[in-house]
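Computation of the quantities below employed the complete heavy-atom set of this structure, encompassing side-chain atoms and omitting hydrogens, waters and symmetry-equivalent molecules. Numbers for residues simply follow the sequence, beginning at 1.
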Amino acid sequence: MNMNMYKAVTKDVEVRVETFYQEGASNPEADKYVFAYRIFIENHSEFTIKLLSRHWHIIDSNGQMTEVEGEGVIGQQPVIEPEKKHEYVSGCELQSELGKMNGTYLMEKQIDGSTFEVEIPEFVLIAPYRLN
């Protein structure tokens, strides 16, 4: 199990990522490599914020890049109060055993409706047997 931790802080909002290779769901003979990632979003600002949307860049070692945009995360637009956190698990499928992802969340300050982007740190997706 790959337990790397990645972190970025933007405007007092901290985003941390853990990654996991999903061996049971993967099929290397068919170039199908499935990864899960757990995201922790911590609001260290003095404002309540709402996660409106996400924008991902996904790149595998074959050079294939995919962009994914959408509302919220896993069907939710969580509201995160000051000094609270939101956590969720999602995943992606690559066509190679090595890749990376990064992106941004669009957040809204609940007090005035203003929006700002929060960085999702770049993180590596790697099948554990590649580390041997």
Side-chain angles (χ1 to χ4, degrees):
M1 189 184 306
N2 184 8
M3 286 282 295
N4 292 324
M5 180 69 81
Y6 304 86
K7 178 175 134 177
V9 180
T10 312
K11 296 188 177 176
D12 296 323
V13 179
E14 179 180 319
V15 178
R16 289 180 294 127
V17 184
E18 285 179 327
T19 62
F20 310 90
Y21 178 62
Q22 304 294 108
E23 186 173 6
S26 298
N27 183 351
E29 292 77 31
D31 293 329
K32 177 183 174 184
Y33 301 87
V34 179
F35 296 88
Y37 50 87
R38 178 179 288 119
I39 306 254
F40 304 88
I41 304 167
E42 293 191 47
N43 181 6
H44 299 297
S45 78
E46 58 194 74
F47 303 103
T48 298
I49 57 175
K50 181 178 184 177
L51 193 159
L52 298 179
S53 62
R54 69 193 183 286
H55 185 167
W56 287 106
H57 298 277
I58 307 165
I59 303 168
D60 69 23
S61 60
N62 299 330
Q64 180 175 336
M65 186 183 135
T66 308
E67 275 192 77
V68 178
E69 292 186 75
E71 284 192 358
V73 289
I74 60 168
Q76 303 176 327
Q77 290 185 315
V79 173
I80 310 166
E81 294 177 7
E83 297 312 323
K84 300 289 185 188
K85 69 180 172 186
H86 179 77
E87 149 184 354
Y88 71 95
V89 175
S90 191
C92 73
E93 182 181 315
L94 300 180
Q95 293 180 356
S96 66
E97 68 274 14
L98 177 64
K100 61 185 178 179
M101 291 177 63
N102 73 325
T104 54
Y105 294 124
L106 183 64
M107 298 289 191
E108 178 184 72
K109 280 187 191 175
Q110 296 295 277
I111 192 169
D112 62 5
S114 63
T115 58
F116 63 100
E117 284 194 341
V118 170
E119 177 189 355
I120 304 167
E122 182 173 279
F123 55 95
V124 174
L125 304 165
I126 184 167
Y129 57 82
R130 278 296 301 265
L131 300 172
N132 296 337

Less than 4.5 Å apart, side chain to side chain, heavy atoms only: is that true for [X] and [Y]?
X	Y	value
Val17	Pro121	yes
His44	Glu83	yes
Phe35	Thr19	no
Ile120	Asn102	no

Side-chain donor or acceptor of [X] paired with backbone N/O of [Y] under 3.5 Å:
X	Y	result
Ser61	Ser96	no
Asp112	Ser114	yes
Ser26	Pro28	no

>> Quick test of your reading: applying salt bridge (charged side-chain N to carboxylate O under 4.0 Å, His left out), list the pairs with at least one residue in residues 38-55, sequence neighbours left out, ordered by first then second residue.
In response: Arg16-Glu42, Glu18-Arg38, Arg38-Glu87
May I ask you to check whether over 12 heavy atoms, not counting those of [X], lie within 6.0 Å of atom [atom1]?
X	atom1	result
Gln110	CD	yes
Ile111	CD1	no
Gln22	CD	yes

With rounding to the nearest 0.5 Å, note down the distance linking [atom1] in [X] to [atom2] in [Y].
X	Y	atom1	atom2	answer
Thr115	Lys109	OG1	NZ	10.5 Å
His55	Leu106	NE2	CG	11.5 Å
Asn43	Lys84	CG	NZ	11.0 Å
Leu125	Glu97	CG	CD	12.0 Å
Glu71	Glu69	CD	CD	11.5 Å
Asp60	Thr66	CG	OG1	7.0 Å

Establish whether [X] and [Y] are linked, either directly or via other cluster members, by ILVMFWY side-chain heavy-atom contacts under 4.5 Å.
X	Y	answer
Val124	Met101	yes
Phe116	Val73	yes
Leu51	Ile74	yes
Val68	Ile41	yes

> Residues in side chain to side chain donor-acceptor pair (under 3.5 Å) with Tyr33, at least two apart?
Replying inline: none
> According to the interplanar angle, ranging from 0 to 90°, do the rings of Trp56 and Tyr105 count as parallel (below 30°), tilted (30 to 60°) or perpendicular (above 60°)?
Replying inline: perpendicular
> According to the interplanar angle, ranging from 0 to 90°, do the rings of Tyr37 and Phe123 count as parallel (below 30°), tilted (30 to 60°) or perpendicular (above 60°)?
Replying inline: tilted
> Which atoms form the tightest heavy-atom contact between Ile49 and Met107, and what is the distance?
Replying inline: CD1-SD, 4.1 Å
> Glu119 and Thr10: which non-hydrogen atoms are nearest, and at how many Å?
Replying inline: N-OG1, 3.1 Å
Could you list the donor-acceptor pairs under 3.5 angstrom formed by side chains in residues 75-82, with sequence neighbours left out?
{"residue": "Gln77", "atom": "NE2", "partner": "Leu52", "partner atom": "O", "Å": "2.8"}

